[in-house]
Protein chains: 2
Amino acid sequence: MFVYLIVNMMKSREFKDVMYDGLSRLLKALANPQRLEIIEMLSQEEKSVEGIVQSTGISVANASQHLQILKSVNIVRSRKQGHYVYYSLANNEFLAMYHHIVKYAINEIAELERTLSRQREDCKALQAVSLEELEELVKNENVLLMDVRPVSEFQSGHIGGAVSIPLDELISRLKDLPGNKEIIAYCRGPFCVLADEAVKTLSEKGYKVRRLDFGYPEWKTRLMESKAV
Amino acid sequence: MFVYLIVNMMKSREFKDVMYDGLSRLLKALANPQRLEIIEMLSQEEKSVEGIVQSTGISVANASQHLQILKSVNIVRSRKQGHYVYYSLANNEFLAMYHHIVKYAINEIAELERTLSRQREDCKALQAVSLEELEELVKNENVLLMDVRPVSEFQSGHIGGAVSIPLDELISRLKDLPGNKEIIAYCRGPFCVLADEAVKTLSEKGYKVRRLDFGYPEWKTRLMESKAV
DNA sequence: CTATTATTCAACTGACTTATTGAATATAAA
DNA sequence: TTTATATTCAATAAGTCAGTTGAATAATAG
């Protein structure tokens, strides 16, 4: 009986070790600023290593290594085509989980809350629009929903009803904007500043403009979850 | 104009760095098997360093260090009383976020899925009861919901309607169990084996018994979320 | 087949993490 | 005040991680 208890205890320890080690391996893969930025890029669209390097400033070999780590815990997957290896997020469940983490961090970590507010304040974008508000606003139809990400990201997926006006074309396309509607800008997510820049530019020109609190990936996650129910 | 763009780019870089560094600091604090186990213990009840040491087998100095790390990112808080320093989770939002991570890991990481199934199979506890099923079962009243954690954990919080039968008293209290009802055992959470052991013991004695898929903390989180809506 | 380009691999350095030890601090009981 | 106990701090050694370099591989265009 005594020996039996010890054997049980050892099995239980072994089980816990496998589970906690596995979980901590996942978290370790996430726990790096550059990899988080890579995840943000990949949650917009599939990208080659070169594409990631261009939009983040990480070195090629380094980016490749980070991608291997993310691949080893099944966060990203790759496919080869021609000269390029294209990476993308391996599943939508990951994205949903990741958004929960980001939401917690933004709301509960004082430093991040403060930094985010300061950034938005600088751009006069403090009253950001939440997911719930957006749904209301879209119904009443008196708003223009503006996607300010690069065109390729818009093409690979965007919020329903949005118009693509990449930030770097904004000034040259001012004439396309209706003066009477409120403008709502959005971009890659809460850590992306493209929408902030757009709000700053437009509000200086006298437009009535706000940004979304979130980006395309969060909207997509929400869509999936509501379909699942 | 050109200088202005560069200044903007630098600001944006700085903002991203603060946000991603902060987020990765949180994830780094989580990314360690021992700290995850400490979190599991603290999500049951407030515990002193000594209490944690006893239930995990970590050394005293080491546990203290891990607790400092968790405290530095505001996951736990401490209060001093008499000889002891008592630690507890700092907020419920963290627990909700953590449960999302665990759920993802169990469902999407093949190795963890496999290990969990094997453990449950060993204990004839494969058909675990989910949160939704539990709600149904409790209504029909023909089940006994059994909390097999130590008494102190039961006292500091338990699932509504549960009866406390700590695993180590199970055999001596068999006479208290109704023979006609189905028994549903639960414990600390999906990584805890107390309920598995209980299922094994009882099913060998001929009882009709299953375990919950989750533990008290998950139930508590669910309760909070449904109240919030 | 050769040259070109994109990516990965291997090796190395410096920086952080973890676990262990023993000393220091703080509380409460004798 | 002294003593015992719980916890933290400081220093160390071993292990892991991040970023850089240059070489190796793999796909394509000429």
Side-chain angles (χ1 to χ4, degrees), chain A residues 13 16-17 20-39 41-42 45-88 152, chain B residues 13 16-17 20-39 41-42 45-88 152:
Chain A
R13 191 63 265 170
K16 279 191 179 172
D17 285 348
Y20 285 125
D21 281 0
L23 186 47
S24 90
R25 218 172 317 124
L26 170 73
L27 290 163
K28 276 201 176 88
L30 278 178
N32 173 285
Q34 311 223 53
R35 287 197 287 272
L36 291 173
E37 201 172 348
I38 289 175
I39 288 168
M41 295 318 300
L42 294 183
E45 59 170 350
E46 185 183 62
K47 276 195 152 71
S48 66
V49 179
E50 204 187 3
I52 289 163
V53 164
Q54 278 167 12
S55 45
T56 58
I58 304 170
S59 79
V60 175
N62 206 185
S64 173
Q65 282 174 155
H66 283 312
L67 285 162
Q68 298 311 311
I69 292 171
L70 292 174
K71 199 175 172 181
S72 75
V73 293
N74 210 37
I75 292 176
V76 307
R77 66 172 161 220
S78 63
R79 84 188 161 84
K80 198 160 199 169
Q81 193 183 61
H83 277 310
Y84 300 88
V85 177
Y86 292 94
Y87 282 88
S88 56
S152 73
Chain B
R13 191 61 265 170
K16 279 190 180 171
D17 286 347
Y20 285 124
D21 282 0
L23 187 46
S24 90
R25 218 171 317 124
L26 170 73
L27 290 163
K28 277 201 175 90
L30 278 178
N32 173 284
Q34 311 223 50
R35 287 197 288 273
L36 291 172
E37 203 173 347
I38 291 175
I39 288 168
M41 295 317 299
L42 294 182
E45 59 170 349
E46 184 184 62
K47 275 195 154 70
S48 67
V49 179
E50 203 186 4
I52 289 163
V53 164
Q54 278 168 12
S55 45
T56 58
I58 305 170
S59 79
V60 175
N62 205 185
S64 173
Q65 280 176 159
H66 283 313
L67 286 162
Q68 298 311 310
I69 291 171
L70 292 174
K71 199 174 171 182
S72 76
V73 293
N74 209 36
I75 291 175
V76 308
R77 67 171 160 219
S78 63
R79 89 188 157 82
K80 199 159 196 168
Q81 193 182 62
H83 277 311
Y84 302 88
V85 177
Y86 292 94
Y87 282 87
S88 56
S152 72

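Below, read A as the first sequence line, B as the second, and so on, with proteins coming before strands; counting in each chain starts at 1.
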Just how far, in rounded Å, is [atom2] of [N] from [atom1] of [X]?
X: Asn32(B); N: dT18(C); atom1: CG; atom2: P; result: 5 Å
X: Gln54(A); N: dT7(C); atom1: CD; atom2: P; result: 10 Å
X: Glu37(B); N: dT18(C); atom1: CD; atom2: C1'; result: 16 Å
X: Ile38(A); N: dT7(C); atom1: CD1; atom2: C1'; result: 14 Å
X: Arg79(A); N: dT7(C); atom1: CZ; atom2: P; result: 12 Å

Need one value for Tyr86(A): base, sugar-phosphate or nothing, where a base atom within 4.0 Å counts as base even if backbone is also close, heavy atoms only. nothing

Taking any heavy-atom pair under 4.0 Å as a contact, classify Gln68(B): base, sugar-phosphate, or nothing. sugar-phosphate

State whether Asp21(A) and Arg25(A) are salt-bridged, where the test is any N-O pair (Lys NZ or Arg NE/NH1/NH2 against Asp/Glu carboxylate O) under 4.0 Å.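 Result for this pair is no, no salt bridge flagged.
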
Any salt bridge linking Lys47(B) with Glu45(B)? Criterion: basic side-chain nitrogen under 4.0 Å from a carboxylate oxygen. yes

Show the numbers, then the answer: is there a side-chain contact (heavy atoms from CB on, under 4.5 Å) between Glu37(B) and Lys16(A)? CA-CA 9 Å; Glu37(B) 203 173 347; Lys16(A) 279 191 179 172; 3.9 Å; yes

Working to the nearest 0.5 angstrom, can you tell me the gap between Ser72(A) OG and Leu67(A) CG? 11.0 Å

Nearest-0.5 Å distance, OG of residue Ser48(B) to OH of residue Tyr87(B):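 It is 10.5 Å, given to the nearest 0.5 Å.
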
State, yes or no, whether a side-chain contact exists between Asn74(B) and Leu26(B) at a heavy-atom distance under 4.5 Å.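 Heavy-atom side-chain distance check fails, nothing below 4.5 Å.
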
Measure the shortest side-chain to side-chain distance between Ser24(B) and Leu36(A) over non-hydrogen atoms and say whether it is less than 4.5 angstrom.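 Ser24(B) reaches Leu36(A) side chain to side chain.
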
Start and end of chain B contact along DNA chain D [non-hydrogen atoms, under 4.0 Å]: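 The contacted stretch runs from dT5(D) to dA11(D).
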
Heteroatom pairs (N/O) under 3.5 angstrom, protein to nucleotides 25-28 of chain C:
from	atom 1	to	atom 2	distance (Å)
dT27(C)	O3'	Gly82(B)	O	3.4
dT27(C)	O2	His83(B)	ND1	3.2
dA28(C)	OP1	Gly82(B)	N	3.2

Is it true that a side-chain atom of Arg35(A) and a backbone atom of Lys28(A) form a donor plus acceptor pair closer than 3.5 Å? yes

Any donor and acceptor pair, going by atom type alone, linking the side chain of Thr56(B) with main-chain N or O of Ile52(B) inside 3.5 Å?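 Present.
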
Hey, which of these two, Gln65(B) or Val49(B), hits DNA chain D nearer its 5' end, going by closest nucleotide?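 Looking at DNA chain D, the more 5' nearest nucleotide goes with Val49(B).
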
Return the nearest nucleotide to the side chain of Lys28(B); candidates are dT17(C), dT18(C), dT7(C).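 Per side-chain heavy atoms of Lys28(B), the pick is dT17(C).
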
Distance below 4.0 Å between Asn62(B) side-chain N/O and dT18(C) OP1 or OP2: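 Checking dT18(C) against Asn62(B), no side-chain N or O comes under 4.0 Å of OP1 or OP2.
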
